[in-house]
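Structure first, commentary second.
Order of the sequence lines fixes the chain letters, A, B, ..., with proteins taken first and strands second; residue numbering starts at 1 for each chain.
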2 protein chains.
Amino acid sequence: MTPRTAENGRPAIKALPEPPDLPPPLPEPAVADIRLETVLAALSDPLRLRIVRKLLLESEKFDHTCGWFGLDRPKSSLTHHFKALREAGITRQRQYGLERRSHVRIADLDARFPGLLDLVADWTPPER
Amino acid sequence: MTPRTAENGRPAIKALPEPPDLPPPLPEPAVADIRLETVLAALSDPLRLRIVRKLLLESEKFDHTCGWFGLDRPKSSLTHHFKALREAGITRQRQYGLERRSHVRIADLDARFPGLLDLVADWTPPER
DNA sequence: TGCTATGTTCGACTCAAGTCGTACTGAGTG
DNA sequence: CACTCAGTACGACTTGAGTCGAACATAGCA
């Protein structure tokens with residue numbers, strides 16, 4: 001594992017290479033249009049913080065469906081939160097048949113807001 | 001000016017030494033109790049982002065009154081926002097006679113969320 | 001004593017966000 | 001074709017945040 005920050009010993013957060021031919025991403029802001037206010041607002045919700053953190057720390061394959069997260073909420077709520085993350089520029093979503101899979105736009109966010117994703121990865125959810 | 005981060009050339013953001021005898025701070029969370037969700041929510045408002053950024057970049061004396069910011073809002077709105085910043089653990093406020101002066105808890109925030117204040121300092125307000 | 005200046009407190013209003021149920025869509029499968 | 005499964009779309013509800021005006025509090029000063 002290549003560490004994300006050389007100083008600490010935390011596991012790496014690494015952008016996975018994108019396979020060549022993929023379904024096009026759902027509508028999302030361009031890198032230059034990602035706004036700090038919007039990103040912070042999107043990340044101020046504990047559920048979305050959990051989603052992004054889990055994507056950062058536990059991603060195995062290229063991207064993951066809503067169901068992979070094991071969130072105990074109705075589907076309509078999940079749609080809401082995943083849409084918020086995508087429209088803020090935090091995640092990218094692609095349609096694979098029926099499934100809509102998400103991953104974090106690591107390179108884009110690192111370029112725009114260096115260090116931000118480390119804070120998310122280090123976050124600990126509030127107990128109970 | 002000692003740079004906050006050695007790599008870039010941005011002006012320093014430095015915690016100023018606290019004079020020995022000061023009025024006690026208004027109620028605020030302890031360092032360990034500062035929550036990322038809360039901080040991000042507090043910073044997701046453009047006006048508060050402006051306040052913190054201005055404190056980081058233009059602070060000259062130890063701390064500043066509400067009026068120093070030159071914000072064109074009624075006083076009750078300012079009270080609301082400064083309280084939100086203080087209760088999130090971002091700023092510290094002290095009462096000097098009639099005035100309530102604020103400064104950013106730089107050391108505390110750096111310890112808890114390294115890099116976060118750099119993002120605020122680098123932020124550019126939306127035009128118009 | 002009164003005036004001014006700084007800022008709080010309260011309550012009202014508006015609006016956005018989170019929450020969810022229900023109905024729908026569209027791909028895969030038998 | 002009928003069925004299931006992943007997820008969207010829509011609308012309703014509730015809550016909390018931002019907005020502000022008006023009234024109040026208090027330190028300093030003339």
Worksheet item: By side chain to side chain donor-acceptor pair (under 3.5 Å), which residues pair with A/Arg100, not counting sequence neighbours?
Response: A/Gln95
Item to complete: Do nucleotides 5-20 of chain D as a string where each nucleotide becomes B, S or -: B if the base has a protein heavy atom under 4.0 Å, S if just the sugar-phosphate does, - if no protein is that close.
Response: BBBBB--------BBB
Discussion item. If the condition is side chain to side chain donor-acceptor pair (under 3.5 Å), which residues does B/Lys83 pass it with, not counting sequence neighbours?
Written reply: none
Response to the item:
salt bridge (charged side-chain N to carboxylate O under 4.0 Å, His left out) filter on A/Lys75, not counting sequence neighbours, yields none
Discussion item. Taking salt bridge (charged side-chain N to carboxylate O under 4.0 Å, His left out) as the definition, give me every residue that meets it alongside B/Glu87, ordered by chain and number, with sequence neighbours left out.
Written reply: none
Response to the item:
The ring-ring contact (aromatic ring centres under 6.0 Å, His included) partners of A/Phe69 (sequence neighbours excluded) come to A/Phe82
Worksheet item: Between which nucleotides of DNA chain C, 5' to 3', does chain A make heavy-atom contacts below 4.0 Å?
Response: C/dG18 to C/dA27
Practice prompt. Name all residues meeting the side chain to side chain donor-acceptor pair (under 3.5 Å) criterion together with A/Arg48; count only those two or more places apart in sequence or in a different chain, and write none if there are none.
Written response: A/His81
Item to complete: Could I get the full list of side chain to side chain donor-acceptor pair (under 3.5 Å) partners for A/Glu28, not counting sequence neighbours?
Response: A/Arg92
